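Can you read through this structure? Questions will come right after.
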2 protein chains.
Amino acid sequence: MTTVAETPRAPRGRRPMSERRRDLQRLEISREAVRLFRAQGLAATSGEQIAEGVGLSVRTLWRYFRSKESCVEPLLSQSSAAFVAMLRRWPRDRSLEEHLIADARPSSPTSPGDDEAALAVIAMSRAEPAFRAIWLVVHERSEPVLAEVIADRLGRAPEELAVRVQAATLAAALRITTEDYAVALADGVAITGEDMVARLSEAVRAATHGVIGEALT
Amino acid sequence: MTTVAETPRAPRGRRPMSERRRDLQRLEISREAVRLFRAQGLAATSGEQIAEGVGLSVRTLWRYFRSKESCVEPLLSQSSAAFVAMLRRWPRDRSLEEHLIADARPSSPTSPGDDEAALAVIAMSRAEPAFRAIWLVVHERSEPVLAEVIADRLGRAPEELAVRVQAATLAAALRITTEDYAVALADGVAITGEDMVARLSEAVRAATHGVIGEALT
DNA sequence: GCCTTTCTGTCATTGAGTGCCATAATAGGA
DNA sequence: TCCTATTATGGCACTCAATGACAGAAAGGC
């Protein structure tokens, strides 16, 4: 604190874009970009096409994203965040499987195709290294939040090495089941939500032998 | 099989570069690139500088690497591969900790600075998203091999969901401890090898509660 | 109305990455 | 040794992702 006065002056000109608004804009761009990527592939899609599709200038596009590949990030983040949010609602007296079943997710009501689009990107990431890299980074970003969830359940600190590793384990289980699901979807194999829940719980239980996933008495 | 004769003709012209030789060349480029990245940062280092440093033309550099950021990949892969190789030597009757202590690694004798360089890149990856992405991808690539190790120890199939998730857990434990180490090293804090071993074993044990890491009787 | 701040577009420029073709290097066969 | 087939490398032109600089447009308070 070097300034004594708290500078109570009201801000003058145009207010900065709200974070919410900015995220929505990025999401809109992301939807169009993924649509083009799915239709033409990454290499065949230019920044100009993406910008035109959203009705922005190319210059502005590069103000929202630092590279064209990273345009897929908001869609991936959204589905990742949805899952993390669900885990935050995980009551202590329920097992993971019980909670997954109980907390049936209605997807994002705003745009029902978002989940499918995100899964398509994940499936594409098998052949597209740039997508794979972004997917892994996005997913890793959720680990600290998962660490909080686990720390809360176990009554430990989120910074503890063991808690962080367990969070990474949970994240990995989620990542692997999600990828399996994405690949199956891309190959036209139908997987039910119950299958997903079962596989995810199995993965977590098998990996941790009950360290995570069980109900707490 | 459309050809009846097995075309026993000896190949004619210059033989393709051996994979070994190519990897060595890539590693050499990687060393120079990381040296420059550490000295000047990623943005301030040009492909031309890297090429000149190794005595290659820029055109040839782009034949070895598809982007300048990916020049760090061989160094990261090497240290990751060294660790995986050590795990492959893990005897069934030893715990992970015992093996880590017993299998003291002499680093790669060819170039003792490689480990330090790789750790420097990992430390840089905190601020450099491109490095972070590559580091995660490289690390993820080791998961199938870890799955084999685990599958072998547990007498299960490497494709099993549970085994893959346990492999991911082991990989995550390794990743987190490595990152902690890299950051400490970058900050000038000394960490002994014993510390590393202890932290890694603790991480694995805490996350899996003995599913991985213990000796098998 | 004016003033201030932020957002967006236009233009010019840089630099990463590729295609194309010529040339050098390597190896077998005559 | 010369010829020929094949691969590795270099040089050049080119595309396009990405940035910096500047000028309006938009959104607020006065």
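Reminder, nothing fancy here: chain letters follow the sequence lines and each chain counts from 1. Values in this document were obtained by computation on a predicted structure and should not be read as measured data.
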Quick one: is C:dG9 close enough that its OP1 or OP2 comes under 4.0 Å of any side-chain N or O from A:S57? yes
Between A:R66 (CZ) and D:dG20 (C1'), how many Å, whole number? 16 Å
Are B:S80 and B:S77 linked by a side-chain donor-acceptor pair shorter than 3.5 Å? no
May I have the distance from B:R21 (atom CZ) to C:dA27 (atom P), rounded to whole angstrom? 12 Å
Quick one: OG on B:S125 to CG on B:L42, what's the gap to the nearest 0.5 Å? 12.0 Å
Which whole-number value in Å describes the distance from B:R59 CZ to C:dA16 P? 14 Å
Test item: A:H139 side-chain N/O and A:A172 main-chain N/O as donor-acceptor pair under 3.5 Å: no
Partners passing side-chain contact (heavy atoms from CB on, under 4.5 Å) against B:V149 (at least two apart in sequence or in another chain): B:R88, B:W90
Could you state the atom-to-atom distance from CG of B:L61 to P of D:dC12 in whole Å? 18 Å
Would you please confirm or rule out a distance under 4.0 Å between OP1 or OP2 of C:dG9 and any side-chain N or O of A:T60? yes
Measure from the side-chain heavy atoms of B:R15 and tell me the nearest of D:dA18, C:dA27, D:dG10. C:dA27
Protein-nucleic acid N or O pairs under 3.5 Å, nucleotides 22-26 of chain D:
from: D:dA26; atom 1: N3; to: A:R14; atom 2: NH1; distance (Å): 3.4

Closest approach of B:H99 to B:M86 (non-hydrogen atoms, all atoms of both residues): NE2-O, 2.8 Å
Position toward the 5' end of DNA chain C (nearest nucleotide), A:P16 or B:S67: A:P16
Would you indicate what B:F65 reaches in the nucleic acid, counting non-hydrogen atoms under 4.0 angstrom: base, sugar-phosphate, or nothing? nothing
To the nearest Å, how far apart are A:R26 CZ and C:dT8 C1'? 17 Å
Atom-to-atom span, CZ of A:R12 to P of D:dC30 - whole angstrom: 6 Å
Side-chain N or O of B:Y64 versus OP1/OP2 of D:dA8: is the shortest distance under 4.0 Å? no
Scanning both residues in full, the closest heavy-atom pair of A:E69 with A:A130 reads CG-CB, 3.7 Å
In whole Å, I'd like the distance from the NZ atom of B:K68 to the P atom of D:dA17. 17 Å
Ignoring hydrogens, what is the shortest heavy-atom contact between B:G47 and B:L61? Give both atom names and the distance. O-CD2, 3.3 Å
Here the distance between atom P of C:dC7 and atom CD1 of A:I29, to the nearest Å, is 14 Å
